[in-house]
Amino acid sequence: MASIAQRPRGTQDLLPADQPYWAALEAAAKDVAERFGYQRIETPIFEATDLFVRGVGEATDIVSKEMFTFSDRGGRSLTLRPEGTAPIVRAYFDAGMQLQPQPVRLYYMGPYFRSERPQAGRFHEFHQFGIETIGDASPLLDVEAIVLGWNWFAGLEIAGATLHLNSIGDEVCRPAYRERLRDYYRPHLARLSEESRARFERNPLRLFDSKDPQDEALKRDAPRIVDHLCAPCAEAFRIVKEALAAEEIPFELNPNLVRGLDYYTRTVFEYQHESLGGAQNSLGGGGRYDGLAAALGYRSTPGVGFAMGMDRTAIVLKQSKPFTPAAPDVYAVALEAKDELYVFHLAATLRARRITVVFDPGPARLDAKLRKAARRGARLALLVGPEEREKNQVVIRDMQEKTQTSVAERDLLSTISQMLGGA
RNA sequence: GUGGCUUUAGCUCAGCUGGUUAGAGCAUCAGAUUGUGGAUCUGAGGGUCGAGGGUUCAAAUCCCUCAAGCCACCCCA
């Protein structure tokens, strides 16, 4: 156990037993995204630090205390990406995608990095599946994103996810609301928690994130932004709700849902799941970010998207149904050392015909070999002992049926194909 | 980043108020059965007791520091 190298804090090994779940997550993501006409994109694992400082926002938790930042040899500041949207928007403009028919629909999955205190479902290195729809402000694209995410869960046969929805307005109505919120809280400042007082100054909307019971009562009676949206924002929100209802996607209006990244405007949403437990109950979330492109110095361009936590979804998936690792078609065994090379070669010829073969080296008692074949889950065992070798035959045993036949070597492939095909 | 709990075999955990060679179940390997499997029985291997330091004749056990995990805060995926 004592070793010079220990797995770094907040990281995880995705072991063979985990892989079937991850394969399912990735396959379902690719399937649903492409069914909606999204195209895959992958951006670098690290980016210029400034991309996140300007994109995500200086005052956010992510930028102020959670980034893995380092310098390259030229002294440039780089950061392991803490989120996907700013890099995607950067890539959109770098590749000239604003010249393609709009909107441009993109999806991606990969590792992200945030230096928070690790917890179950919260890692320094975590994985997201995300989509971004850039170049069109239609609220139906907000709904498309939400439906796409919902369908991802459905494709994985995950039940019990809930959708939480809010609108946080735009640069027209939010500043006025922010002041109204400050006016509401100002007389109660002395009673607020210390953290909440800091939020009052920096970003009053984040006051809704507080779980401090002291702040709870104040939160309940606070003015709601959905009651103070400007006309275009209100209309967009109405369309979102109407379309979700038409698609029969149940949602819960949550006026306290504000989200911690600066770039969100109008629609924000989050998927939650009970079985994740109290604090880390968010499977994913997203929203519209019409101000992000301009904040990064590009031409103002609307966008909407989500990021799903693959690690957390894997946790839910494991609870909902067991996945077993793929089993080999054939488990190849020689009973005596002198026949090993022969069996090794038979295995190679089968693999050349797309059959999955595990070769078990070393002589051993037959029952031990069969035990290993069974534990490995093989469908067939290929057995060669002295008796077979003498007659130029091999034994093929159906591990499930517990039946076996001896066949001439030249009939090996056809027999195996037939037995695999028939089962 | 703050607080609480935890860390003993590959895994799940015993180990009382400090006392010689640290245990169990599961798993692994072998034998029982020198050519027929997931069961059973028998046996074996596997631990510097998270790391480092201290107290003591003696530390898995008491103290300190550090690390990691979990829970809550914070926040998000």
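Proteins get letters first, then strands, A, B, ... in listed order; numbering begins at 1 in each. What you see below is based on every heavy atom in this structure, not just the backbone, and it leaves out hydrogens, waters and symmetry mates.
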Taking [M] as the reference, what is the distance to [N] when you measure between their [atom1] atoms (whole Å, please)?
{"N": "B/C49", "M": "B/G35", "atom1": "P", "result": "44 Å"}
{"N": "B/A51", "M": "B/A22", "atom1": "P", "result": "16 Å"}
{"N": "B/U6", "M": "B/C62", "atom1": "P", "result": "11 Å"}
{"N": "B/A24", "M": "B/A67", "atom1": "C1'", "result": "29 Å"}
{"N": "B/C41", "M": "B/G50", "atom1": "P", "result": "32 Å"}

Watson-Crick or G-U wobble mate for [N], both contacts under 3.5 Å:
{"N": "B/C29", "value": "B/G43"}
{"N": "B/C73", "value": "B/G1"}
{"N": "B/U56", "value": "none"}
{"N": "B/G50", "value": "B/C66"}
{"N": "B/G38", "value": "none"}

Look at the side-chain N and O atoms of [X] and state whether any lies under 4.0 Å from the OP1 or OP2 oxygen of [N].
{"X": "A/Arg9", "N": "B/A68", "result": "yes"}
{"X": "A/Arg259", "N": "B/A77", "result": "yes"}
{"X": "A/Gln6", "N": "B/A51", "result": "no"}

Discussion item. Tell me every residue that passes side-chain contact (heavy atoms from CB on, under 4.5 Å) with A/Thr60, counting only those two or more places apart in sequence or in another chain.
Written reply: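 Here the qualifying residues are A/Val56, A/Ile62, A/Val63, A/Asp262.
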With sugar-phosphate meaning primed atoms plus P, OP1 and OP2, does [X] contact a base, only sugar-phosphate, or nothing at under 4.0 Å between heavy atoms?
{"X": "A/Tyr112", "value": "nothing"}
{"X": "A/Gly385", "value": "base"}
{"X": "A/Asp367", "value": "base"}
{"X": "A/Arg7", "value": "nothing"}
{"X": "A/Glu83", "value": "nothing"}
{"X": "A/Asp209", "value": "sugar-phosphate"}

Item to complete: Mind telling me whether A/Phe306 and A/Tyr271 have parallel, tilted or perpendicular rings, with 30° and 60° as the class edges?
Response: perpendicular
Practice prompt. Look at the rings of A/Phe323 and A/Tyr21 and say which category their plane angle falls in: under 30° parallel, 30 to 60° tilted, over 60° perpendicular.
Written response: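 Judged by the thresholds at 30° and 60°, the geometry between A/Phe323 and A/Tyr21 is tilted.
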To the nearest angstrom, how far is [X] atom [atom1] from [N] atom [atom2]?
{"X": "A/His124", "N": "B/A67", "atom1": "NE2", "atom2": "C1'", "value": "13 Å"}
{"X": "A/Asn166", "N": "B/C76", "atom1": "CG", "atom2": "P", "value": "14 Å"}
{"X": "A/Gln272", "N": "B/C76", "atom1": "CD", "atom2": "C1'", "value": "11 Å"}
{"X": "A/Phe208", "N": "B/C74", "atom1": "CZ", "atom2": "P", "value": "16 Å"}
{"X": "A/Asp13", "N": "B/G69", "atom1": "CG", "atom2": "P", "value": "12 Å"}
{"X": "A/Asn203", "N": "B/C76", "atom1": "CG", "atom2": "P", "value": "10 Å"}
{"X": "A/Tyr263", "N": "B/C76", "atom1": "OH", "atom2": "C1'", "value": "11 Å"}

Using only heavy-atom distances, decide whether a donor-acceptor pair under 3.5 angstrom links the side-chain of [X] to the base of [N].
{"X": "A/Glu388", "N": "B/G35", "answer": "yes"}
{"X": "A/Arg117", "N": "B/C71", "answer": "no"}
{"X": "A/Glu116", "N": "B/A77", "answer": "yes"}

Listed nucleotide nearest any side-chain atom of [X], set [options]:
{"X": "A/Arg365", "options": "B/U34, B/G37, B/C76", "result": "B/U34"}
{"X": "A/Pro386", "options": "B/G69, B/G35, B/C76", "result": "B/G35"}
{"X": "A/Arg206", "options": "B/U36, B/C76, B/A72", "result": "B/C76"}
{"X": "A/Leu370", "options": "B/C76, B/U36, B/G69", "result": "B/U36"}
{"X": "A/Arg397", "options": "B/A77, B/A72, B/G37", "result": "B/G37"}

Practice prompt. Could you note down all residue pairs passing salt bridge (Lys or Arg N to Asp or Glu O under 4.0 Å) where residues 45-56 of chain A supplies at least one of them, sequence neighbours left out?
Written response: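 Every pair satisfying salt bridge (Lys or Arg N to Asp or Glu O under 4.0 Å) with a residue in residues 45-56 of chain A: A/Glu47-A/Arg90.
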Fill in: Euclidean distance, A/Leu296 CG relative to A/Phe93 CZ, rounded to 0.5 Å
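Answer for the CZ-CG pair, A/Phe93 versus A/Leu296, is 8.5 Å.
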Worksheet item: Out of curiosity, A/Leu257 CG to A/Glu252 CD, how far, rounded to the nearest 0.5 Å?
Response: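 Separation between the atoms: 10.5 Å.
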Practice prompt. Applying side-chain contact (heavy atoms from CB on, under 4.5 Å), run through A/Leu380 and A/Arg397 and close with a yes or a no.
Written response: CA-CA 5 Å; A/Leu380 304 176; A/Arg397 179 173 179 82; over 6 Å; no
Worksheet item: Start at the 5' end of RNA chain B and walk down; is the nucleotide closest to A/Leu283 or to A/Leu335 reached first?
Response: A/Leu335
Fill in: Earlier contact from the 5' end, RNA chain B, for A/Gly10 and A/Thr403
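This one resolves to A/Thr403.
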Worksheet item: Crowded around A/Glu58 CD? As in, over 12 foreign heavy atoms under 6.0 Å?
Response: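 No, the 6.0 Å shell around CD holds no more than 12 heavy atoms from other groups.
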Worksheet entry | Heavy-atom protein contacts under 4.0 Å, nucleotides 38-45 of chain B, coded B base, S sugar-phosphate only, - none | B-------
Worksheet item: Could you go step by step and tell me if A/Phe200 and A/Tyr185 meet the ring pair (Phe, Tyr, Trp, His ring centres under 6.0 Å) rule?
Response: CA-CA 8 Å; A/Phe200 176 86; A/Tyr185 271 104; 7.2 Å; no
Worksheet item: Going by distance alone, is a donor N or O of one side chain under 3.5 Å from an acceptor N or O of the other, for A/Tyr108 and A/Glu132?
Response: yes
